[in-house]
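The analysis underlying the following values was restricted to heavy atoms, covering all of them including side chains, and did not include hydrogens, waters or symmetry mates.
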Amino acid sequence: MTVPTNETLLVVDGHSLAFRAFFALPVDNFSTSSGQATNAVWGFATMLAQVIDAEKPDHLGVAFDVKGGTFRNEMLPQYKGTREAAPEELLTQLPLIQRMLTALGVTYIEKSGFEGDDVIATLATMGDKAGYHTLVLSGDRDAFQLVDDNVTVLYPGHHFKDLKHMTPQSIVDKYKVTPAQYPDLAALRGETADNIPGVPGVGDGFAAKWINQFGSLDGICEHADEIGGKKGESLRANIDQVKLNRKVNALVRDVDLGVDIEDLTFGTVDVAQIDALFKELEFGPRTRSRVLKTFNTGAKVSNTSGAGESTNNEQDKQDSNLDLNLPEPTSITAPEQFDEWVKAHRAEVKVPGEIADFTVSDYGDGSQRHTVCGDAVGHAWTVAAWGDERPGRATAQAVAVATATSAAIVPLPITDTLRAQFARFLKSEHSRTIVHGYKELLHLLGAVDLDMDLPMFDTKLAGYLTQPDFHADSLKQAAEHFLDIHFTETEQPSQGTLDFDDDQVEEDPNEHRLRDLAIIRSLAVTLGPIIDEREQCWLMRAIELPVSRVLHGMEHTGAKVDSVRLVSMRDQFAAEARQAQEMAWEYAGTEINLQSPKQLQKVLFEDMGLKPTKRTKSGSYTTNAAALQDLYVKSVDNERANGFLGALLRHREINKLKQIVQTLIDATNTSDERIHTTFEQTVAATGRLSSVDPNLQNIPNRNAAGREIRGVFVPGEGYEALMSCDYSQVELRIMADLSGDEALIEAFRSGADFHKYVASMVYKLPVDQITGDQRSHVKAMSYGLAYGLSTYGLAQQLKIAPREAEALKNRYFDTFGKVHDYLESLVANAREKGYTETIFGRRRYFPALHSTNRVAREAAERAALNAPIQGSAADIMKIAMIRAEQTLAEAHVKSRIILQIHDELVVEIAPGEGDQVTELVRNAMEHAVDLAVPLDVSCGIGSDWQLAAH
DNA sequence: GCAGCCACGTA
DNA sequence: CGTACGTGGCTGCC
């Protein structure tokens, strides 16, 4: 009677979800003015919407328990005693949830004499038989017995959002028994949540051991006498209870529900009913639109991003299955197998010599960037690895090499012989491989002592180069975005496919590995031609890939910190912050939370009656440092307010430092007392790097107290100093070069105090007559240029009248006319071409330049003005890093780069290498590119990062 | 439980 | 009403 289908059925355990919502959300914050609790209703709606958005089911049914007992209570009187004791505040919400479901057009089912679990089991069984892929959303582990190849249980983790997809494999991995055996295991262990005692002293582990030994619970009962020890005794004493448990936890799969799966549609909301209900519950417009967005299009329309045209879900899914050709797996365990596999598939790999042999020795001025990737990307090896790729603690679970048709998957750990073969393969074939995330791959390979020289193509980098504004944080997301394919099979939570936790429950691991390999190849085939067409292959192969390698080294090495000093700084800051807090409290007269802008607003603008400051985006009054400082100055004759503001400002500053130090403490590896940050290479839209976990690119540097923190970064064992080199005014130098402005070029070539020199040109005065104010005003103007600074902004920053700022700007552009023209041409070109370009061809697209919304358009104009300048500076620094590392390697020194802060490199200096390494790095930075102006690099060396300042 | 705001650190 | 980032704390959600 049924046709095979690719459709998905979602069955929801209504009680389980309501419980979850009720206990997750504070009831105090969710109740109507008349006192009706609404937290479970609201939570139910949002959580269900979340799951629907993620899973996009075609059919949906919700099951509820019915009041009054079931056959189970007759067998086990205390059954679900704990559940019946649900708080009144939750019970009153169940009818509301059901009303909501009706209004949302969602079918819910309850059947007297049965539990929701039985309804779920029945629906899942019906769905299974009819060929649906069935998802069961339930926090009740009894549902695990339903799992099979077509039934997956979505089981909430600690955070609701990370739903575990329980497949047969993940049940086996976690419990060491099959889904069918799970009820046996649960009977032995018991279920405290349902008030069901098991065998005392027996948990999942022993239960699984016995089940595997004797096959089933029946087997265990037969052989109960053979089980020795305390646990055997305990089992025999409770065997009747266990048998009873087993009867009770078996779900009924053939309840007569009187519905067909096909009837369980959704997607049409009775909006009037929802509005009435939400009004009653006092839910706001945000909730309304959130819910309508999901439920009012529901099963019929794919709500993935795209051209905005709705597509049929089913069609999407079928297409995707055709698009992705999975390679055939070969599992490699013995060394010979690997070599044999390589031999058997070598003929499939066709990469022309001129592509494979690509190297770059001179970066020049960016005029010769015409390497092609060709269609070779489709005929290369794919290399991938899976595991925890966090620097400093990487562990790998498997590595693989694949062609289009076949995949050799090597589970880890491996024998030395196999490793040697793999290493030999990588050494000879690296330039004929494609990868996704070379840097992350290096961390994983490094975890098993493998290394790999540059691949020919990286799909992660390629995706970034083609669309730097889009950021996929998993391979799956990249596939959805670039390939427009969506997955019918279940996924593990959206962790990122190449990055899952050790303890996470997994589907059959090779299944997603094959899929990953197929995605990488598919991405390469899609992105390769785009990269070629834009002439960005050189950018990837000469800059991004080599810089990935440098970054891997920096992340792996990490930065040594003085933990003792960190802790004492933390304590010092904590004490000072506490003092400032107490002083603030005394002035305020109440012990408010100084970290709460809301409470501060009340004290400042209501209690103290201070003149309101600028408004924030959301309309409240800002309490930021600039505003507080302003109030502080203006409140000299109001002792209370003045005292409070002073203490508050002090608390802000110290507390921030304390927090930064604490973050560093938390991020320090205990094993090596080093901090291993991750440099994100595909996040910043301009081409810059960013640093996360922790961010080491925003360690304080502007005032003395903050700068102290830099002092905790020290050379590690075997090293004697830190060296820091930074570019002076790179962005301005780039503007001088690209604009061809003779005056600005001359200013840089003169080698004088740059800002003073520029000021003398602007004000037409001799250099020695330039005042401090004139210099700083011109300096601010210079720096503001690259950001698209307005006269208003300039006036505000310099605390001068807008008219004066206007005059300054005019004078400045009179002097540097070509800079003005250049900046205008940047925006004009971007408007015409749709994108900006750096010296080395890195693009960024700006669709908003044509926006009719003035605010959006002008923001895009400023960003378009800035992108090529900031981006070219980023390109130059990347080249400098590659050159610096290369020159250090060639000199056979031990010193190594450990940090990059946009225009600064920090190098850990080995004994006796200070002078030599300083010159090597300086040279690498100064000659990264040839510009019309010199690149000025200043270096310093010291026993910590602070002292390395110059 | 989570998204969004606010504030603030860097270049 | 200056670009580019990341992080931590508080808050609303109702």
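Minimum atom distance to the side chain of N695(A) is reached by dG6(C), of the listed dT10(B), dC10(C), dG6(C).
Within the structure, every side-chain polar atom (N or O) of N593(A) is placed at least 4.0 Å from both OP1 and OP2 of dG9(C). Of the side-chain N and O atoms in S690(A), one or more sit less than 4.0 angstrom from OP1 or OP2 of dG6(C). For the pair H159(A) and dC2(B), the criterion of a side-chain N or O lying under 4.0 Å from OP1 or OP2 is met. In this model, the phosphate group of dA7(B) is approached by a side-chain N or O of T622(A) to a distance below 4.0 Å at OP1 or OP2. The side chain of S596(A) places no N or O atom within less than 4.0 Å of a non-bridging phosphate oxygen (OP1 or OP2) of dG9(C). OP1 or OP2 of dC13(C) has not a single side-chain nitrogen or oxygen of T46(A) nearer than 4.0 Å. Neither OP1 nor OP2 of dC1(C) sits under 4.0 Å from any side-chain N or O of K614(A). OP1 and OP2 of dG9(C) both lie 4.0 Å or more from every side-chain N or O belonging to K598(A). For dC6(B), one of the phosphate oxygens OP1 or OP2 lies less than 4.0 angstrom from a side-chain nitrogen or oxygen of T616(A). Distances shorter than 4.0 Å separate some side-chain N or O of R702(A) from OP1 or OP2 on dT10(B).
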Dot-bracket pairing map - DNA chain B, Watson-Crick plus G-U, both contacts under 3.5 Å, | cross-strand:
|||||||||||

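R831(A) has a carboxylate O that lies under 4.0 Å from a charged side-chain N of E861(A), or vice versa, which qualifies the two as a salt bridge. With salt bridges taken as basic N to acidic carboxylate O contacts below 4.0 Å, none links R20(A) and D13(A).
No cation-pi contact links R288(A) to F278(A), judged by a cut-off of 6.0 Å to the six-membered ring centre and 45° from its axis.
Atom P of dC1(C) sits at a distance of 15 Å from the matching atom of dC5(B), rounded to the whole Å.
Between H755(A) and Y783(A), the two ring planes are tilted [angle within 30° to 60°].
Residues satisfying the salt bridge (charged side-chain N to carboxylate O under 4.0 Å, His left out) criterion with R652(A), sequence neighbours excluded, are absent altogether.
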